Amino acid sequence: MRTRLRIETAISAYLIDQKIEPSSTWLVELPKDRSNGDYASNIAFVLARTLKKSPQAIAQDLAKALPSYFKDKAWIGIQVLPAKGFINFILPVTVCWQALQDETFAKGDEVNPERILLEYVSANPTGPLHIGHGRWAALGDSLARLLKRVGHSVETEFYVNDAGNQIDKLIASVSAIKEGRPVPEEGYGGGYVKDLVEESDPIVALMKQQQVTLSDFRVVFNAWTREKETLHETGLVQKAIDQLTLKGITYSEKGALFFRSTDRGDDKDRVLIKSTGELTYFAADIAYHQQKALRGYDRLINIWGADHHGYITRVKAGIKALVGEKPEFEVLLGQLVTLLREGVEVRMSKRTGDMVSLQEVIDEIGTDAARFFLVIKNADTHLDFDLELAKKQSNDNPVFYVQYAHARICSILRKSETKPLVHVHLELHPTELKLLKFLLSFEDEVILAASRREPHRIANYLIELATHFHSFYHDCKVNVDDQVVAQNRLAICLSVKRILAEGLELLGISAPESM
RNA sequence: GCGCCUGUAGCUCAGUUGGAUAGAGCAACGGCCUUCUAAGCCGUAGGCCGAACGUUCGAAUCGUUUCAGGCGCACCA
């Protein structure tokens with residue numbers, strides 16, 4: 001971002017000098033085709049209307065004038081080229097090099113750092129985690145890492161629904177098995193339920209099991225909040241309901257207590273207390289979010305499956321009613337995962353026990369491959385996860401392609417006897433130059449991925465970086481006799497290694513020294 | 001019926017705050033290991049970006065309509 005910021009600053013300075021006020025927003029971005037330049041701006045298109053000149057003519061003028069606005073010595077060689085109305089910027093190698101050397105490269109660039117609470121997975125403790133939870137786990141954990149990386153302060157939380165109907169059914173199923181009775185209808189009959197018979201507290205046992213799986217998946221939460229003890233036993237749910245009633249936004253009807261959520265965009269009012277006297281999950285949920293809000297965050301982010309889409313408006317309405325506009329409430333919806341084995345869908349049912357658990361997936365294909373598969377696709381596209389395919393592909397799985405690049409660099413470093421220099425001389429092989437320039441764009445990718453909450457961008461960036469590196473490896477031998485060249489290339493290798501490792505780290509994937 | 005997501009190469013998907021000839025991997029075909037790990041590199045072929053209309057100097061990207069698939073629309077969780 002800092003590099004891009006320099007360019008934006010130069011353009012702004014020019015506009016101020018010329019007393020030009022753009023009619024709408026312009027930007028400096030990575031060109032789609034990197035061979036056009038390192039950065040590009042659409043400013044000429046934007047100014048065309050105000051200046052009543054063609055974008056091409058404006059671009060010509062700007063290209064001539066802009067270089068003198070880069071005051072820093074290192075930037076002196078910058079090329080500013082007009083092209084079909086675009087303005088392309090080609091950075092001097094030294095600028096790229098210096099940016100990469102900076103300890104804080106692609107780190108802490110967020111303009112408005114926030115205190116964020118990210119809640120994800122939050123699976124009921126009624127069975128093992130499945131592949132769908134795996135998607136939220138991979139997504140949430142990577143997102144947390146990304147948000148931290150750009151400078152937010154992030155805490156992660158797993159909300160444990162250890163109260164309510166489903167829990168009662170599970171307990172009933174366990175005792176039924178224990179006493180040799182058949183599992184009640186609508187109960188849980190999966191194989192794992194039989195194993196719970198030995199446990200003094202089946203819920204805790206399942207929670208621990210989930211924790212082990214997540215830990216194997218390299219996903220660790222700052223907090224596991226248990227609904228029963230933090231919300232019900234403390235009376236906080238009732239308190240939240242009372243507050244709503246006090247505000248006059250509840251009403252009784254047919255023996256139930258309703259929350260007037262239609263006042264805040266919902267299409268029907270929601271029940272807080274059923275006519276049976278039981279509290280709804282919705283009541284507990286808004287109490288929970290109220291508690292989160294009171295802890296003083298700027299933003300609450302939740303990751304939910306698309307099947308909870310209908311829930312957003314009402315929970316948002318509840319939060320707004322209880323705590324106001326203060327903490328932003330943001331829900332990231334992820335589309336569902338279909339688990340396949342050789343193209344045939346594996347139905348996910350905890351009740352029948354007909355399922356493949358996340359633990360089994362991890363054991364079968366490994367955490368690295370599983371996480372990569374789950375995070376590489378945009379969260380809003382439906383994901384088909386084929387176990388056999390994931391296993392079969394494991395040799396040309398993109399994750400290995402990326403890891404291989406890292407391992408290759410480590411191998412080069414092991415074989416090299418020269419020490420890297422601090423700077424690069426200016427004569428670079430074209431492939432080498434492309435690689436260097438691509439490294440620089442990590443900065444922009446991280447910012448974009450974090451601000452749009454799209455970790456899959458990092459996975460795609462890494463694949464592309466690995467591609468650039470493998471080409472470089474092929475075209476440019478590192479350990480050559482010419483010491484200047486060797487040191488240069490070694491220095492580039494070190495940068496690639498660092499970015500690969502940092503990128504993989506953001507995805508919670510290992511960067512092996514050898515393969 | 002209403003809401004949200006998706007529809008891009010044979011397959012799996014990038015690209016979507018409008019921009020420069022629409023990209024990658026797999027599959028297919030053809031090259032490259034006496035040289036730092038061939039889990040690699042290079043090349044060829046493959047497209048009316050679901051369809052139609054509209055907004056714009058400019059649309060895969062925005063709007064309307066429509067078709068197809070997924071997921072929701074409880075005093076269930």
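By convention in this document, chain letters (A, B, ...) are assigned in the order of the sequence lines, proteins followed by strands, and residues within each chain are numbered from 1. Keep in mind that what you see is a predicted model, and the values were worked out from it rather than measured.
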**Message:** Measuring only the P atom in each nucleotide, how far is B:C73 from B:A59? A whole number of Å is fine.
**Reply:** 40 Å
**Item:** Aro-ring/base stack A:His308-B:A77, d under 5.5 Å, angle under 30°
**Value:** yes
**Item:** Presence of donor-acceptor pair under 3.5 Å, side chain of A:Ser275 and base of B:C75
**Value:** yes
**Asked** Is A:Lys268 touching bases, backbone alone, or none of the nucleic acid, heavy atoms closer than 4.0 Å?
**Response** sugar-phosphate
**Asked** Roughly how far apart, to the nearest Å, are B:C75 and B:G10 at atom P?
**Response** 47 Å
**Item:** Salt bridge present between A:Arg270 and A:Asp267 (N-O < 4.0 angstrom)
**Value:** yes
**Whichever of A:Glu29 and A:Asn165 has its nearest RNA chain B nucleotide further upstream toward 5'** = A:Glu29
**Message:** Could you check whether the side chain of A:Asp307 and the base of B:C71 have a donor-acceptor pair of N or O atoms closer than 3.5 Å, going by distance alone?
**Reply:** no
**Message:** Taking B:G25 as the reference, what is the distance to B:G40 when you measure between their P atoms (whole Å, please)?
**Reply:** 11 Å
**Message:** Counting the atoms with a prime plus P, OP1 and OP2 as sugar-phosphate, which does A:Ser416 contact under 4.0 Å by heavy atoms, base, sugar-phosphate, or nothing?
**Reply:** nothing
**Request:** Pick base, sugar-phosphate or nothing for A:Gly164, based on heavy-atom distances below 4.0 Å to the nucleic acid.
**Result:** nothing
**Verify stack between A:Phe86 ring and B:A20 base, 5.5 Å, 30 degrees** = yes
**Asked** C1' atom, B:G15 versus B:U61: distance in rounded Å?
**Response** 9 Å
**Prompt:** Taking atom P in both B:A60 and B:A20, what distance in whole Å separates the two?
**Reply:** 9 Å
**Message:** If the cut-off is 4.0 Å, is A:Lys32 near the phosphate of B:A24, judged by side-chain N/O to OP1 or OP2?
**Reply:** no
**Request:** Please evaluate the base of B:A20 for a donor-acceptor partner in the side chain of A:Asn88 within a cut-off of under 3.5 Å?
**Result:** yes
**Prompt:** Hey, does the Lys NZ or Arg CZ of A:Arg408 hover above the aromatic six-ring of A:Phe469, less than 6.0 Å from the centre and inside 45° of the axis?
**Reply:** no
**Message:** With rounding to the closest Å, how many angstrom separate the C1' atoms on B:U44 and B:A9?
**Reply:** 15 Å
**Prompt:** Which part of the nucleic acid, if any, lies within contact of A:Asp33, taking any heavy atom under 4.0 Å across all strands shown: a base, the sugar-phosphate backbone alone, or nothing?
**Reply:** base
**Prompt:** Pick the nucleotide of RNA chain B nearest each of A:Lys415 and A:Thr381; which residue has the one closer to the 5' end?
**Reply:** A:Thr381
